[in-house]
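Computed from a prediction, not measured in an experiment: that's the story for all the values here.
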Amino acid sequence: MVGASQLALIDRLHSVEYRTEADLLAACRRRDFRAFEQIYLANGPRLKSMAYHILGSRPDAEDAVQETFLKLYRGIQGFHAQSSIATWLCRILINTCYDLARKRQREVDRGGPTAEPAAPRNQIGLKMALDDALRRIHPNYRMVFLLFEVEGLRHSEIAAILEVPEGTSKAWLFEARKELKQLLTETLR
């Protein structure tokens, strides 16, 4: 049976908080699984949301997030903290999503399993029209739109994630909104 002192020790082990990101990073480099868990708990929901909006499929989004955290674990030694861990994870996730999307497209091209069938045109509501319009705009515009409007990131964060100047992030958001407005206006007529 577990005694009170053992329960206190277990509780302390599960509630480890790292004071700074540098402490968290050092713990990850020591392969401290609690540090990785803390990173996952802090970033997992946002990454899943981003992946879903990029890929359009919850199972694919979960696969992308899982692969992102595997890449984090494998590559933590090479992370030089030139950006925050969250920014680095977003960059890994975006690349992972693009890789997964290309893989899924090759499967479709070979006649393999396809994604969910498209809904009949007469059942398209505003959400479906927006999803369709988002798929049709330039990928850079779509990414900035999703990161800004859906994920609530600031342009400085988006610029760091996408490795572009902040002004480019703002310009792409402007273009995304313009293209979406045009496409939605045409669709909903």
J.: Can you tell me how far CD of Gln182 sits from CZ of Arg136, rounded to the nearest 0.5 angstrom?
T.: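 Rounded to the nearest 0.5 Å, the CZ-CD separation comes to 9.0 Å.
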J.: Does Glu157 have any salt bridge (charged side-chain N to carboxylate O under 4.0 Å, His left out) partners at least two apart in sequence or in another chain, and if so, which?
T.: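 Arg154.
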J.: Would you compute the distance between atom CG of Asp60 and atom CZ of Arg58 and round it to the nearest 0.5 angstrom?
T.: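 If we round to the nearest 0.5 Å, Asp60:CG and Arg58:CZ are 12.0 Å apart.
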J.: Report yes if some heavy atom in the side chain of Tyr40 is under 4.5 Å from a heavy atom in the side chain of Leu72; otherwise report no.
T.: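 No. Closest side-chain heavy atoms not under 4.5 Å.
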J.: Show me the side-chain donor-acceptor pairs of residues 160-176 shorter than 3.5 Å, one per line, residues at least two apart or across chains.
T.:
from, atom 1, to, atom 2, distance (Å)
Ser169, OG, His155, ND1, 2.8
Glu175, OE1, Lys178, NZ, 3.4

J.: Show me, pair by pair, the donor-acceptor contacts under 3.5 angstrom made by side chains of residues 75-87, not counting sequence neighbours?
T.:
from, atom 1, to, atom 2, distance (Å)
Gln77, NE2, Arg29, O, 2.9
His80, NE2, Gly78, O, 3.2
Ser84, OG, Thr87, N, 3.1
Ser84, OG, Thr87, OG1, 2.9

J.: Give every donor-acceptor pair under 3.5 Å between a side-chain atom in residues 140-152 and any protein atom, sequence neighbours left out.
T.:
from, atom 1, to, atom 2, distance (Å)
Arg142, NH1, Leu134, O, 2.8
Arg142, NH1, Arg135, O, 3.2
Arg142, NH1, Ile137, O, 3.2
Glu149, OE2, Arg177, NE, 3.2
Glu149, OE2, Arg177, NH2, 2.2
Glu151, OE2, Ser49, OG, 2.5
Glu151, OE2, Met50, N, 3.4

J.: Work out which heavy atom in Leu183 is nearest to a heavy atom in Ala133; give both atom names and the distance.
T.: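 Scanning both residues, the minimum pair turns out to be CD1-O, 3.7 Å.
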J.: From Leu130 CG over to Leu180 CG, what is the distance, rounded to the nearest 0.5 angstrom?
T.: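 Here the rounded value is 6.5 Å.
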J.: Just so I know, are the side chains of Phe69 and Ile92 near enough to count as touching, which here means a heavy-atom distance under 4.5 Å?
T.: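 No - every pair of side-chain heavy atoms lies 4.5 Å or more apart.
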J.: Can you run down the side chain to side chain donor-acceptor pair (under 3.5 Å) pairs that involve residues 61-71, sequence neighbours left out, and say none if there aren't any?
T.: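 Every pair satisfying side chain to side chain donor-acceptor pair (under 3.5 Å) with a residue in residues 61-71: Lys71-Thr96.
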J.: Tell me, please, whether Tyr73 has Arg31 positioned over its six-membered ring: NZ or CZ under 6.0 Å from the ring centre and within 45 degrees of its axis?
T.: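 Output yes; distance and angle both within limits.
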J.: Under the rule for ring-ring contact (aromatic ring centres under 6.0 Å, His included), what residues qualify as partners of Tyr52, not counting sequence neighbours?
T.: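 In terms of ring-ring contact (aromatic ring centres under 6.0 Å, His included), with neighbours along the sequence ignored, Tyr52 is linked to no residue.
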J.: If the condition is side chain to side chain donor-acceptor pair (under 3.5 Å), which residues does Asn43 pass it with, not counting sequence neighbours?
T.: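 By the side chain to side chain donor-acceptor pair (under 3.5 Å) rule, Asn43 matches no residue at all.
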J.: Do Leu89 and Phe33 share a hydrophobic cluster (ILVMFWY, side-chain heavy atoms under 4.5 Å, transitive)?
T.: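 Yes, Leu89 and Phe33 fall within the same hydrophobic cluster.
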J.: What are the two closest heavy atoms between Cys97 and Leu55, and how far apart are they?
T.: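 Result for this residue pair: O-CD2, 3.4 Å.
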J.: Return each pair, listed once, that meets salt bridge (charged side-chain N to carboxylate O under 4.0 Å, His left out) where at least one residue sits in residues 80-99; pairs must be two or more places apart or across chains.
T.: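 Listed by first then second residue: Asp99-Arg102.
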J.: Rounded to the nearest 0.5 Å, what separation is found between the CG atom of Asp32 and the CG atom of Asp23?
T.: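 Asp32 CG to Asp23 CG: 11.5 Å, rounded to 0.5 Å.
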